[in-house]
Amino acid sequence: MKKIYLDHAATTPIKKAVVDAMLPYLTENFGNPSSVYQMAQVNKKAVDEAREQVAAAIGAKAQEIFFTSGGTEADNWAIKGIVEARKSKGNHIITSKVEHHAVLHTCEYLEKNGYEVTYLDVDEYGSIRIDDLKKAIKDTTILITIMYANNEIGTIMPIKEIGEVAKAHNIPFHTDAVQAIGQVKIDVNDENIDALSITAHKFNGPKGVGALYIRRGVKVSQFMHGGAQERGRRGGTENVASIVGMGVAIELAYKDFDNKIRQYTQLRDMLINGILETIPYSRLNGHLTNRLPNNVNIGFEFVEGESLLLLLDMQGICASSGSACTSGSLDPSHVLLAIGLPHEKAHGSVRFTLGAGISDADINTVLETLPAIVKRMRDMSPLYEEFLAKQ
Ligand SMILES: *Cc1c(COP(=O)(O)O)cnc(C)c1O
């Protein structure tokens, strides 16, 4: 059976061109970029080129890009590093209730260590309100960290407005752009972003490599103590092959970009409309248009999301029920609770995320498969039976 992979928000397949670019750095070009001989300078050049490629994708300068082991490290570094560097100015952080755990758990850790954190509420679509942000700012606010786009429901935050507020108050603004990169055009200057996290495996690059952009002049303390790599900010011998892979992957993610986005958006809307039209008691989580072009998140009433995923898997369709399952807990997603869904509706939600290679035919297969599965599950549901009896 052909697999239909609709979980690109979790990770993506690495592109062949990316693997090809990486291979020499796993074989003959094995030198340490810090070494002086020519053989190693090839590796230094390769890392420098990747830094240029990442910088170009977000309108930054190469010196403002620091390689990390992924999105989680970039988020940890940005948040802990900025507040530590600014602790003489205050101890207050503003974030939102719908952040990825890499941000939320970092903020919770800091709360236990003397920092004060405001977790902004979101509206029914998952977006913060600019007025709430303005009201939350205090004299002691030293960081605003709000994600660019949500990993579960795809909602895009009002980044430019947040950047303007942050700039007007002279507060550094960090954004977790892990889901947005390659899906949205980003310009750190136009949007007044001071720090930004990305990870390569979400845009068809290798796992275990990411980057943190830090605007020149924004102070951030060192996260990884060691050698002088990454201009003394992040010690450790560079993951050369993966860094090269990330550089190529980010360039490819923005190649023929408008066409790609048009195609994703069309497939996304085909899936959303198809489901809402054919499956009763289903609703879209997140905003209809202000969402990532590759994200579909649907709540199915009287259905348990995890079981639906297993039945879809038996038909070769890979989807996700959000991030809660990864923690091994049965708590419903904090994002779905934050947009106001009651527990049972949050539990019945499934995320489908598109990516390279997904076709009309794949979406049609999902649309042909899904109604019968949902019906089968509902036919076994006591809640559904009770609901029907009341009709
Ligand atoms: C995947 C993801 C991360 C974590 O990235 P890793 O590279 O897996 O550490 C952080 N934030 C968001 C929004 C993500 O989707």
Side-chain angles (χ1 to χ4, degrees), residues 5-14 18 54 58 65-81 95-109 119 122 126-128 145-157 159 162 173-184 186 193 195-213 223-224 234 236 239 242-243 245-246 249-250 253 285-286 291-297 318-327 333-336 338-339 351-355:
Y5 182 77
L6 292 175
D7 202 13
H8 289 83
T11 197
T12 56
I14 185 163
V18 173
V54 172
I58 58 170
I65 303 297
F66 299 87
F67 292 117
T68 67
S69 65
T72 303
E73 184 189 324
D75 285 341
N76 270 265
W77 183 12
I79 296 169
K80 293 175 190 163
T95 185
S96 82
K97 286 191 175 162
V98 296
E99 299 297 311
H100 188 273
H101 284 148
V103 169
L104 277 184
H105 290 169
T106 301
C107 288
E108 286 164 15
Y109 162 81
Y119 300 89
V122 294
S127 185
I128 65 143
T145 173
I146 308 273
M147 69 199 320
Y148 204 113
N150 189 269
N151 48 301
E152 292 188 39
I153 57 175
T155 302
I156 301 169
M157 291 287 188
I159 291 298
I162 299 169
F173 170 36
H174 165 253
T175 188
D176 174 340
V178 167
Q179 291 292 334
I181 194 86
Q183 305 285 333
V184 180
I186 297 178
I193 296 166
L196 175 144
S197 308
I198 60 170
T199 187
H201 75 100
K202 304 276 174 87
F203 52 87
N204 304 101
K207 292 175 180 59
V209 64
L212 177 63
Y213 151 79
F223 185 58
M224 205 73 105
R234 199 259 185 195
N239 183 356
S242 296
I243 288 170
M246 177 158 68
I250 207 163
N285 293 320
R291 72 188 301 130
L292 290 174
N294 74 336
N295 177 292
V296 175
N297 189 311
C318 309
S320 152
S321 65
S323 64
C325 52
T326 58
S327 65
S333 136
H334 65 283
V335 176
L336 297 176
I339 63 171
R351 177 186 74 184
F352 305 92
T353 41
L354 313 170

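For ligands, and for the atoms within them, numbers begin at 1 and follow the listed sequence. Fair warning: this is a prediction, and the values are worked out from it, not measured in the lab. Values reported hereafter were calculated over all heavy atoms of this structure, with side chains retained and with hydrogens, waters and symmetry mates removed.
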(message) Are the side chains of Ser96 and Met157 in contact, using a 4.5 Å heavy-atom criterion?
(response) yes
(request) Would you confirm whether Thr175, through its side chain, and Ala177, through its main-chain N or O, come within 3.5 Å as a donor-acceptor pair? (result) no
(message) I need the nearest protein heavy-atom contact for atom 11 (N) of ligand 1: residue, atom name and distance, please.
(response) Asp176 OD2, 2.6 Å
(request) Could you list the atoms of ligand 1 found under 4.0 angstrom from a heavy atom of Gly70? (result) 7 (O)
(message) Could you tell me, atom by atom, which parts of ligand 1 come under 4.0 Å of a heavy atom of Thr199?
(response) 5 (O), 7 (O)
(request) Measure from the side-chain N and O atoms of Thr353 to the backbone N and O of His8, and report whether any donor-acceptor pair falls under 3.5 Å. (result) yes
(request) Just need the protein heavy atom nearest to atom 4 (C) of ligand 1, so name the residue and atom and give the distance. (result) Thr72 OG1, 3.6 Å
(message) Geometry only, no angles: is Gly71 polar-contacting ligand 1 at N/O separations under 3.5 Å?
(response) yes
(request) Would you mind finding which of Lys207, Glu152, Lys202 brings a heavy atom closest to atom 1 (C) of ligand 1? (result) Lys202
(request) If you have a sec, work out which protein heavy atom is nearest atom 8 (O) of ligand 1 and how many Å separate them, to one decimal? (result) His201 NE2, 3.2 Å
(request) Measure the distance from atom 12 (C) of ligand 1 to every protein heavy atom, then report the residue, atom name and distance (to 0.1 Å) of the closest one. (result) His100 CD2, 3.3 Å
(message) Rounded at 0.5 Å granularity, tell me how far OG in Ser127 sits from CD1 in Ile153.
(response) 9.0 Å
(request) Answer yes or no: is there a donor N or O on one side and an acceptor on the other, between the side chain of Arg291 and the main chain of Asn285, under 3.5 Å? (result) yes
(request) Tell me which part of Val178 gets within contact of ligand 1: side chain, backbone, both or neither, using heavy atoms under 4.0 Å. (result) side chain
(request) Could you check Val54, Leu212, Asn239 and say which one makes a side-chain contact (heavy atoms from CB on, under 4.5 Å) with Phe67? (result) Val54
(request) Could you see which bit of Glu73 sits under 4.0 Å from ligand 1, with heavy atoms only: side chain, backbone, both or neither? (result) neither
(request) Answer yes or no: is there a side-chain heavy-atom contact under 4.5 Å between His100 and Gln179? (result) no
